Structure formats: C-alpha cells, structure tokens
Amino acid sequence: MTVSNQTDHDYIEGEDDDHSSNPSTNISFSEVADKSISRRAFLSGGTALTAMGAVGTVAGGSLFAKDALAAASADPSTLTFDALPHAYDETHHVANGYDADILIRWGDPVVSGAPAFDPQNQTVEAQKLQFGYNNDFLGFAPLPRGANTANHGLLCVNHEYVNRKLMFPGDAGKDQNTQSKEQIGIEMAAHGHSVVEIKRDDAGNWSVVNGSQFNRRIHTETEMMISGPAAGHDRMKTSADASGTKVLGTLNNCAGSITPWGTVLIAEENFHGYFAGDPSKTSEAINYKRYGLKGKPRYGWHRFHDRFDVEKEPNEPNRFGWMVELDPYDPTSTPIKRTALGRFKHEGAHALVNKDGRVVVYSGDDQRFDYLYRFVSKNKIEPMNQEANRNILDDGTLYVAKFNADQSLEWMPLEFGKGPLIPANGFNSQADVMIETRRAADLMWATPMDRPEDVEPNLVNGKVYMMLTNNTKRKAGDENAANPRAKNKHGHIIEMTPPGGKMGADKDHTALTYKWDFFLLAGNPTNAEDKAVYHARTDEGQWLSCPDNCTFDTKGRIWIATDGAPKSGIADGVWAADTEGKGKAYVKLFFSTPLGAEHCGPCFNTDDSAYFAAVQHPGDTKGSTFENPSTRWPDFVENQPVKPAVMVITKVAGGPIG
Ligand code: FEO
Ligand code: CA
Ligand code: CA
Ligand code: CA
C-alpha cells in the first residue's frame with residue numbers, strides 16, 4: 001500500500017468553488033471600525049495572545065491573561081484520559097484505556113432481506129438495503145421512544161456523498177460521463193440516511209440488530225413531503241410534482257441532530273453539485289448563482305434523470321437545500337422538508353426547547369462568507385401532546401446573525417414585507433424569502449463568516465458553540481471582529497451566550513441580542529504565523545485544525561471533530577475540552593482517523609458510556625483507487641475496498657468516557 005499524506009480529495013468541502021458565491025461584502029460601519037482595531041492589534045502584537053489582549057475582549061482575560069501561571073501548573077482539565085499524540089497513518093487511534101470497534105461499514109446489510117456486500121458486483125437494489133457511503137451525522141435515539149436507555153437505541157446516520165474512484169472497480173470509478181445507469185443508481189442509493197437498531201450485550205459489546213423492524217434506508221428516491229412557507233409555491237413545482245409539496249429524496253446529508261421530541265433533523269448541504277444545465281437560462285438564474293450552481297455537476301446523475309438538469313427541470317434545485325425531519329421510530333413515516341428553517345447549504349441544525357417552551361433551532365450555512373441562522377417557533381411545545389408538536393417547525397421566525405465589534409450578537413428576522421424583503425427586491429411572499437434565504441440575509445447585512453459548520457447548544461451552560469472550519473479566501477483587509485484572521489487556514493470556534501441565568505436552562509435563546517466571544521482560534525500555537533489562541537498549556541503536540549462538528553457530554557464538555565487537519569500534516573480526529581473553569585479550551589486529542597479520512601458525527605449515548613464516531617472518506621488520498629487504496633481500513637482484507645465506517649468507542653474499564 002502506498003502511504004501518502006497528500007489529500008487530494010475528489011471533493012473537499014467548501015473548496016469546490018473558486019470563490020464564494022456570496023457577492024456581497026456585508027461589512028457594516030461598526031465592523032469596519034473594529035476591523036481596523038483587530039488588524040492593527042494583530043500586526044503590532046505579533047502573537048495571537050497579544051493581539052487578543054489588545055482587542056481586550058477574548059474570554060474576558062480568564063483564559064489567556066493567566067497563561068504563564070496556567071502553563072506551569074498541573075493539568076487543569078477535568079478530562080482524565082492522556083491525550084493521544086498527533087499521528088497520521090493507515091489506521092485509527094484512540095486514547096489509552098479505550099476500545100474502538102467497528103460497528104457498521106459501507107455495504108453492511110441494514111434492512112431485512114439485504115444481501116451481503118459484494119464490492120465487485122454492486123447493484124442498486126442491494127445498495128438500497130445496505131449501509132450507505134460516507135457516513136456523516138450520527139444520532140442516538142434511545143429505545144423505546146421517550147426512554148433514556150443507554151444500551152439500546154436507533155443509530156441515525158447520514159450518508160453525505162460518494163467517491164466513485166474508491167467505490168467502483170475499473171473504469172467505472174474514473175469518469176462520471178461513462179458510468180452506467182446502474183452505477184449512477186448505486187450512487188443515488190448510497191446517499192441519504194440509515195436508521196439502524198443497535199444494542200449493547202451483557203459483555204459490553206455493541207452490535208447492529210440485523211433485519212430489525214426499525215432499520216431503514218432513506219435515499220435519493222425516497223418520497224418526501226415539503227411543508228412550511230415554501231410548500232406548494234410555484235417555484236417548488238416540477239413536471240413530476242404539480243403540487244410543489246412532494247419530492248423524491250434528499251442530497252448531500254451532512255450533519256444533523258436528534259430533536260428534543262425524538263425526531264431526526266437531516267441537513268441538505270452541497271446540493272448545487274448535483275445539477276447540470278446552464279442555470280443562467282432559467283428563470284431562477286439569480287437565485288441559483290447565489291447557491292453556486294454552475295452547470296458543472298460532480299456526478300453524472302443528469303445523464304439518466306432529467307430532474308438533475310436545470311434546463312429540463314428548472315425548479316428542481318429549489319426542492320433541495322432544506323432541513324429534513326424524520327421520525328426514526330416509525331419506519332413507515334414520510335420525511336418532511338421543513339422550509340421555515342430556510343434554504344442554504346445547511347451543515348446541520350440543532351433544536352432545543354427554550355425556557356418559555358418555544359423551540360429554537362441553530363443552523364450554519366457552510367460556505368466561505370456565509371451566515372449563521374436561528375429559527376424560533378411561534379408555538380410552544382406541549383410535553384404531553386406529541387400530535388400538537390408534530391409540525392412545530394413549520395411556523396416561526398428565521399433570523400440571521402450579525403456579530404458586532406462590541407461582542408454583541410444581533411439576530412435579524414427574515415420576514416417578508418419587513419426592511420428590504422419586499423417586492424422591489426424580488427421577494428413577493430415568505431416563500432420567496434425562504435427559497436432565497438441567502439439573498440435575503442445579504443440584504444440584512446448579516447456577518448460573513450469563515451464557513452459556519454456545526455452550531456450546537458451546550459445544555460449544561462446554555463452557551464452555543466459555532467465551528468468555523470476555515471476560509472483561506474478571506475483577504476487581508478476583509479477581516480471582521482468575529483473572523484479576525486485573513487487566509488484563515490485553521491478555523492476557529494465562537495461561543496455565544498444568550499441572556500439569562502448561569503444555568504443552561506435559564507438562558508433565553510429567543511432573545512434578540514446575545515454576547516459572543518472566541519472559544520479558540522485553531523492552528524499550531526507554537527507557530528506565530530497561525531495566530532492561534534487556546535488555553536495557554538496547549539503546545540506543539542496538542543493543537544487542532546479545521547473544527548467541523550461538535551457534541552457535548554453530559555458534563556457539558558465539548559468534543560470537537562475536525563475536517564481538514566491533514567492539510568497541516570496531522571490526522572483529523574476529536575479533541576475534547578472543558579467549556580468552563582480552569583481547563584477551558586485546553587484541548588486533548590481522544591481519537592484520530594486513518595489516512596484521507598475526516599471525523600464526522602461525534603455522538604454519545606445517553607450516559608456517555610459509548611462514543612460513536614463516523615470515519616468519512618478514509619483512503620481518499622492522491623492516487624488512491626478502488627484497486628489500490630492508500631489504506632484498506634477498516635478490515636485490511638485484500639480485495640476489499642477501503643470503506644467508510646462507524647466506530648463505537650468504550651472505556652475498557654466501563655463507565656463514562658472522558
Ligand atoms: Fe459536510 Fe460542511 O461539512
Ligand atoms: Ca461537516
Ligand atoms: Ca454536532
Ligand atoms: Ca466539513
């Protein structure tokens with residue numbers, strides 16, 4: 001096997017456009033004022049600590065002012081494992097004292113009747129019953145519904161995209177224009193979502209319940225409903241669906257979450273990459289331009305399916321880019337695209353029940369210079385009435401975020417008829433505002449961010465954390481208070497604090513103004529050029545790059561999964577850190593992924609005794625192919641291709657992780 005540390009992905013997220021599709025600069029007067037301060041501070045300070053000190057805002061000094069003291073003292077973290085050293089090789093690594101086992105991999109049988117995987121003879125029908133490709137989001141939904149079970153549940157898994165060079169033997173893996181209809185069908189069936197019943201036995205081993213009645217595959221031809229403000233609008237209608245309320249399938253399902261009411265939110269992220277045809281020849285030219293549709297798809301689906309050609313089916317792209325809600329406990333349920341949550345390249349979405357009973361959903365738009373959004377429901381959750389809650393995400397207000405230099409965060413509503421969201425600007429209804437969420441947000445002067453990936457509330461302290469993965473296209477002079485580094489190669493994490501009491505449950509996630517701060521600025525803290533900011537003890541051996549997703553354990557500690565660290569010579573993986581106290585932002589590497597892979601779907605069961613880890617695009621390195629992959633992870637069997645897989649990590653001695 002050739003071991004290469006070069007990542008040459010077919011598909012590197014956020015880098016498939018030469019430029020962001022956001023044409024607006026959206027720098028407000030206050031940001032211009034701040035930009036000059038932070039830029040001056042960076043230039044004169046030389047190091048991030050000085051720069052941040054000069055701005056005088058980061059972490060109120062609690063993290064960084066005592067750096068000399070902290071560096072000399074004992075390990076301040078509440079995390080008890082010894083951090084893994086950086087590594088980047090053919091296999092995964094986990095901290096000492098923990099086991100990491102394969103739970104399920106691409107091609108494994110999921111639905112009753114699924115055949116065993118035969119990589120040389122793949123079929124559409126088999127793939128529709130087997131585990132899909134490139135597992136991303138993982139959610140643990142305890143069984144039975146409504147219980148708090150730790151050892152039995154439904155693992156809900158997104159399958160984001162496919163990589164033909166690693167999936168198919170021979171020429172089929174090389175060119176989307178020569179693939180057969182069957183191969184295109186396999187790609188479409190390998191996308192989407194899996195619901196898989198899993199169980200822990202008395203010996204502590206986790207396994208999949210084969211053929212469980214709950215097991216289900218959702219893919220690109222699964223029937224779905226469209227609800228909310230855009231449902232039924234003319235711009236949502238196609239020749240196959242005159243109602244504008246029914247759609248086949250979901251695409252590019254990146255992150256997601258389990259809602260407090262037990263459904264799954266599945267994100268549709270880079271939907272633009274599936275559509276051929278010249279968007280400028282459609283009535284949706286301006287709309288499609290803003291979403292990066294260029295008629296240069298990454299897949300050959302349009303060759304056999306007209307709906308993926310905008311010149312033949314001009315409205316079909318309007319039916320993607322939404323959040324999909326699925327009831328995993330009912331295998332006959334129809335997934336629903338909730339258009340009130342807006343249309344953009346949703347990384348994911350996280351819902352919580354606010355203290356007043358309304359539902360709040362946070363969601364990032366993963367593109368360079370795009371925005372952070374928040375939805376607040378009109379109605380309140382009725383704890384004893386599931387039926388009343390069923391459509392709670394259909395009615396409410398979507399807001400976009402503006403980060404001010406004084407560390408305040410303003411939520412600006414995207415409501416038809418208010419401010420610039422009027423017919424003169426091409427908005428004739430709330431449906432238009434939702435279909436063109438990005439353009440509406442541009443007009444509200446939202447703050448252009450460095451690729452908002454996962455945005456997740458920490459229910460213990462009530463703060464909300466946003467992963468900003470990187471943005472190497474931000475030019476010197478275009479920095480703003482919340483995105484302070486030009487050519488931001490390593491990304492950063494912002495901590496947002498809603499008003500209210502100290503406890504998580506006392507915060508008001510419906511407030512129009514929050515406070516914000518940096519949690520960390522990633523990169524190598526010993527390399528001055530990186531201008532990284534962490535806990536002062538973080539050293540050459542323990543830094544991270546490109547935060548992408550996060551989760552929180554029951555103690556409220558953050559677990560940060562990365563996508564893109566190999567570009568800096570280290571593996572992607574998950575780093576854990578305290579979010580409060582003396583160990584705040586002192587990151588420790590817990591698990592790292594093999595060559596070419598990123599780590600997605602960080603997920604705990606209900607008592608932290610199991611951590612589920614998605615290993616996505618393993619072996620996706622330069623020159624790696626189906627026949628000669630750079631690693632044959634996870635099974636290391638000759639004649640088996642490298643496979644994306646989900647691992648379950650447990651403590652050898654048992655008990656909670658971390
Ligand atoms: Fe699919 Fe933005 O990560
Ligand atoms: Ca992601
Ligand atoms: Ca998450
Ligand atoms: Ca990513």
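Just so you know, ligand 1 is whichever comes first in the structure, and atom 1 is the first atom listed for that ligand. Nothing here was measured: the structure is a model prediction, and the numbers come from that model.
- Between F271 and Y291, the ring planes are tilted. Angles from 30° to 60° get that label.
- No donor-acceptor distance shorter than 3.5 angstrom exists from the side chain of N158 to the backbone of E160, with no hydrogens or angles considered.
- Among the atoms of C254, an N, O or S atom falls under 2.8 Å of atom 1 (Fe) of ligand 1.
- The count of protein N, O or S atoms under 3.0 Å from the Ca ion (ligand 4) stands at 4, with waters excluded from the count.
- Here the rule is side chain to side chain contact (heavy atoms under 4.5 Å, CB included) with Y611, and of D553, L138, V94, V574 only V574 fits it.
- In terms of distance to atom 1 (Fe) of ligand 1, the nearest N, O or S atom of E160 is named OE2.
- The salt bridge (Lys or Arg N to Asp or Glu O under 4.0 Å) test with R451 singles out one residue from D563, D370, D366, and that residue is D366.
- For the pair R438 and F344, the cation does not sit on the ring face, since its NZ or CZ is not both under 6.0 Å from the ring centre and inside 45° of the axis.
- Among the backbone and side-chain atoms of E269, an N, O or S atom lies under 2.8 Å from atom 1 (Fe) of ligand 1.
- Residues T593 and H92 have side chains that never bring a donor and an acceptor to within less than 3.5 angstrom of each other.
- Residues S194 and H159 come closest through the heavy atom pair OG-NE2, 2.7 Å.
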